[in-house]
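Worksheet for the structure shown next.
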Amino acid sequence: MTQTTVNPNTLYVVATPIGNLLDISQRALDILAKVDVIACEDTRHTNRLLSAFNIRNKTLSLHDHNERQRQEQIASMLNEGQSIALVSDAGTPLISDPGFHIVRHLRKKGLSVVPVPGACAAIAALSVAGLPTDRFSFEGFLPSKSGARQSKLADLANEPRTMVFYDAPRRAIDTVEDIFTVLGGERQIVIARELTKTFETIHANSAENILAWLKEDPNQLKGEMVLIIEGAKIDPNAIPDEAIKTLKLLLGEMKPKKACAIAAEIHGVKKNALYQVALDLK
Ligand code: SAM
């Protein structure tokens with residue numbers, strides 16, 4: 001086993017557990033114990049985590065509302081030779097959590113920012129969902145109001161990749177009703193609730209069946225959840241509007257054969273199908 005080194009002038013972005021405390025890495029614990037200060041969303045929450053591992057260290061609050069103010073202070077502390085850990089309340093900082101502004105600021109200043117990877121609810125859920133993971137789209141939180149949620153879902157109706165959302169289980173019935181309305185009852189959904197905790201539940205079914213299941217069991221509306229939606233099934237012969245738009249632009253600049261090849265490459269559609277469109281456009 002190697003020893004964990006903590007370097008001066010460095011911000012460590014440290015993932016913490018999303019439920020089960022044993023999911024923290026030894027390296028994360030070493031860094032939390034050795035850095036000069038830990039910047040965290042909620043100091044009481046982080047202090048509970050630290051005390052579970054008998055770590056005593058200084059904390060500094062850093063949340064959505066003071067992140068920009070803290071930028072300069074953290075940059076100066078690092079420039080003075082300090083080492084700092086950034087944690088959020090759970091999981092990987094910056095993933096639907098504060099930290100992006102600080103990390104961007106420090107990187108622009110040429111300061112060192114080092115990841116200490118670990119739990120992330122989106123990735124944990126994806127890893128057990130049984131939906132394609134070769135490509136996926138992380139969509140963060142769905143809007144809480146139905147109108148905005150439906151329009152977000154409508155924007156994603158033709159998204160072919162698996163889509164991952166964070167949502168509150170107490171809204172699950174409304175959310176799945178909106179999925180049913182906008183994407184259809186057949187669309188496969190996976191609900192990953194209370195991951196790594198006592199009531200961990202991973203349930204996959206069509207939107208229609210998930211809706212019935214949620215309505216039957218109020219326990220499924222408690223805790224925290226990740227919602228995963230199967231990507232749209234694309235007819236290989238259907239040509240997306242975007243591909244036709246690209247093709248039209250390219251046809252103004254080059255020969256049809258080349259335009260079709262480039263548009264096909266950009267949009268992942270069949271060259272021959274585009275060639276037919278090019279002929280029709282002539
Ligand atoms: N940064 C975190 C991460 O890496 O997963 C996410 C923070 S975000 C503010 C919190 C959301 O993550 C919750 O509302 C829920 O959607 C999801 N989440 C966090 N812990 C979870 C768990 N144990 N099981 C299911 N979802 C969880």
Side-chain angles (χ1 to χ4, degrees), residues 11-25 27-28 31-32 38-46 48-49 52 61-67 85-104 113-131 133 136-145 148-149 152-153 162-176 178-179 189-204 210 213-214 217 219-229:
L11 178 82
Y12 291 92
V13 180
V14 181
T16 58
I18 55 169
N20 189 326
L21 289 187
L22 296 176
D23 286 336
I24 196 157
S25 73
R27 182 170 171 237
I31 287 171
L32 293 177
I38 302 167
C40 51
E41 266 190 287
D42 178 342
T43 52
R44 277 171 309 176
H45 188 99
T46 298
R48 278 199 294 276
L49 173 75
S61 79
L62 187 143
H63 40 72
D64 280 334
H65 305 293
N66 70 358
E67 191 180 343
L86 170 69
V87 299
S88 60
D89 282 351
T92 303
L94 279 80
I95 308 301
S96 293
D97 266 340
F100 157 66
H101 297 289
I102 292 271
V103 168
R104 182 174 60 177
V113 183
V114 170
V116 183
C120 173
I123 300 298
L126 255 185
S127 73
V128 291
L131 288 172
T133 51
F136 62 88
S137 163
F138 175 62
E139 298 292 335
F141 280 94
L142 271 167
S144 56
K145 297 225 165 74
R149 194 164 52 227
K152 168 93 183 164
L153 290 167
T162 298
M163 290 160 275
V164 185
F165 301 87
Y166 286 157
D167 201 19
R170 69 191 140 77
R171 284 203 293 261
I173 291 182
D174 294 343
T175 299
V176 178
D178 287 342
I179 294 171
I189 293 182
V190 180
I191 302 257
R193 199 178 61 85
E194 294 291 88
L195 290 168
T196 79
K197 303 185 204 175
T198 312
F199 296 106
E200 179 179 81
T201 309
I202 294 134
H203 192 77
I210 291 266
W213 172 72
L214 288 172
D217 183 359
N219 284 324
Q220 301 308 332
L221 309 179
K222 294 179 189 159
E224 297 189 285
M225 78 170 196
V226 179
L227 172 79
I228 305 191
I229 306 180

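Every number for a ligand or one of its atoms is a count from 1 in the order of the listing. Keep in mind it's a predicted model, so treat the numbers as computed, not measured.
Remark: the Glu139 side chain and the Ser137 side chain contain an N/O donor-acceptor pair separated by less than 3.5 Å.
Annotation: atom 16 (O) of ligand 1 to nearest protein heavy atom, Met225 O, 2.6 Å. For atom 22 (C) of ligand 1, the closest non-hydrogen atom on the protein side is Leu195 N, 3.6 Å. For atom 25 (C) of ligand 1, the closest non-hydrogen atom on the protein side is Glu224 O, 3.4 Å. Protein heavy atom nearest atom 3 (C) of ligand 1, with residue, atom name and distance: Tyr166 OH, 3.4 Å. The nearest protein atom to atom 10 (C) of ligand 1, hydrogens excluded, is given as Phe141 CZ, 4.0 Å; this is a heavy-atom distance. Looking only at protein heavy atoms, the nearest one to atom 8 (S) of ligand 1 is Ser96 O, 3.6 Å.
The backbone N or O of Ser61 lies less than 3.5 Å from a partner atom in the side chain of Asn66, making a donor-acceptor pair. A donor-acceptor contact shorter than 3.5 Å is absent between the side chain of Thr46 and the backbone of Thr43. In this structure, Ser96 contributes its side chain and Leu94 its backbone to no donor-acceptor pair below 3.5 Å. Of the possible donor and acceptor atoms, none in the side chain of Glu41 sits under 3.5 Å from a partner among the backbone N and O of Ser88.
Residues passing the ring-ring contact (aromatic ring centres under 6.0 Å, His included) test with Phe138 are Tyr166, sequence neighbours excluded.
With a 4.0 Å heavy-atom cut-off, ligand 1 is reached by the backbone of Asp167 but not by any atom from C-beta on.
Look at Asp97 and you'll find a heavy atom under 4.0 Å from some atom of ligand 1. Within the 4.0 Å heavy-atom cutoff, Phe165 does not count among the residues contacting ligand 1. Heavy atoms of Ala192 come nearer than 4.0 angstrom to ligand 1 in at least one pair.
What you find for Val190 and Ala204 is that their closest heavy atoms are CG2-CB, 3.7 Å. Contact detail for Ala28 and Val14: the closest heavy-atom pair is CB-CG1, 3.6 Å. Across all their heavy atoms, Thr92 and Asp97 have their closest contact at O-OD2, 4.1 Å. Listed here is the closest heavy atom pair of Ile210 and His203: CD1-CD2, 3.6 Å.
Remark: among candidates Gly19, Ala121, Ala90, the nearest residue to atom 2 (C) of ligand 1 is Ala90, based on non-hydrogen atoms.
Residue-ligand proximity, Gly91 to ligand 1, at heavy-atom distances under 4.0 Å covers atoms 3 (C), 4 (O). Heavy-atom proximity to Lys197, at under 4.0 Å, picks out these atoms of ligand 1: 23 (N). Below 4.0 Å from some heavy atom of Ile95 lie the following atoms of ligand 1, by number and element: 1 (N), 2 (C), 6 (C), 7 (C). Each of the following atoms of ligand 1 lies closer than 4.0 Å to a heavy atom of Thr92: 1 (N), 3 (C), 4 (O).
Below 3.5 Å of separation, one finds no N or O of Arg193 facing any N or O of ligand 1. At least one N or O atom of Ile18, backbone or side chain, sits closer than 3.5 Å to an N or O atom of ligand 1.
Lys222 and Glu194 are not joined by a salt bridge, as no carboxylate oxygen comes within less than 4.0 angstrom of a charged side-chain nitrogen.
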